[in-house]
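This structure is a prediction, so every number in the text was calculated from the model and none was measured.
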Amino acid sequence: MPDNASPLPPPAPVRDGVVLVDVRDPGDRLPSPPGDPLPGATRSVVMQVRLLDENDRRAADNRAFLQARGIRAVNLVSSPGAGKTTLLGRTLDALAGEVRCAVLVGDLETDNDARRLRREGLPVAQITTGGTCHLDATMVARGLAALPLDGVRLLFIENVGNLVCPASFDLGENRRVTLLAATEGEDKPLKYPPIFTSAHAVVLNKIDIADAIGFDRPAALANVRRVAPLAEVFELSARTGEGLEPWLAYLRGLL
């Protein structure tokens, strides 16, 4: 080996015939939920300039803007197809006449979900991101500026469907809620821990078909608890409404 050559890395370990190449930074930490602190949790603050500092400043502005108007914000995150829009539609119908709500929807293209969520008297805005795989605080600020928010008490932000990027971006929400659908498999919390660790609550959705597809609910719940031990967990079916009441009580408790 030449004197100026980089040393070769140690041989990658092999487990069950699979070569394991771990490229994680040992200094990386799983994120804490933004917004309201979890009961009994501690929050770590890294004293250095971060790439997301400007986003975090704008998120703090969003949070102050909403707080001054008495609005609580819930950021719904999940993979595509986990049921965010269906759950949100059923939630809006259940809270109609009781809690005035508003909705921001994020997607790369189309306003399909925003149109699905449109209700009489409900402010809804579609944020079209183009090639961006997540919402950020500046996008949300623009969405808020476009909405009539008089009398609104609960703002729902339906994030772009993605289990990776949204975990890093504080939008100014009070609560972050991660959805896990039975169709996704039990190990998603272990494969994508930041999106679950950064959640105040986890919704296990599509339980109406869990048995039919062989989904192991106890294993999924154990995996959620492993990476997000302080998060509240709700098991429900957004399609049938089974298990919806505890979720609605959780939202009412934010007000």
Answer with yes or no whether the hydrophobic clustering places [X] together with [Y]; edges join I, L, V, M, F, W, Y residues whose side-chain heavy atoms lie under 4.5 Å apart.
{"X": "V202", "Y": "F156", "result": "no"}
{"X": "L87", "Y": "Y250", "result": "yes"}
{"X": "M139", "Y": "L117", "result": "no"}
{"X": "I209", "Y": "V203", "result": "no"}
{"X": "L92", "Y": "L95", "result": "yes"}

Does the ring of F65 carry R69 above it, NZ/CZ under 6.0 angstrom from centre and within 45° of its axis?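 R69 over F65 ring: yes.
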Taking the side chain as every heavy atom from C-beta outward, state whether [X] and [Y] have any atom pair closer than 4.5 Å.
{"X": "L76", "Y": "I157", "result": "no"}
{"X": "H134", "Y": "V77", "result": "no"}
{"X": "W247", "Y": "V177", "result": "yes"}
{"X": "I195", "Y": "V164", "result": "no"}
{"X": "N159", "Y": "F169", "result": "no"}
{"X": "V140", "Y": "E173", "result": "no"}
{"X": "T86", "Y": "R116", "result": "yes"}
{"X": "P34", "Y": "R176", "result": "yes"}

Given 3.5 Å as the limit, does a donor-acceptor pair link the side chain of [X] with the main chain of [Y], or not?
{"X": "T197", "Y": "V227", "answer": "yes"}
{"X": "N223", "Y": "P189", "answer": "no"}
{"X": "N62", "Y": "A137", "answer": "yes"}
{"X": "R57", "Y": "D61", "answer": "no"}
{"X": "R100", "Y": "D150", "answer": "yes"}
{"X": "E186", "Y": "D216", "answer": "yes"}

For the residue pair T240 / S237, report whether a side-chain donor-acceptor contact shorter than 3.5 Å exists.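 Per modelled atom types, S237 and T240 side chains form a pair under 3.5 Å.
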Does D36 pair with R72 as a salt bridge, N-O distance under 4.0 Å?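 Salt bridge present between D36 and R72.
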Can a salt bridge be assigned to the pair D170 and R63 using a cut-off of 4.0 Å between side-chain N and carboxylate O?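 Salt bridge flag = yes for R63 with D170.
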Looking only at heavy atoms, what is the nearest atom pair of L135 and T129, with distance?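 So the two residues come closest at CD2-CG2, 3.9 Å.
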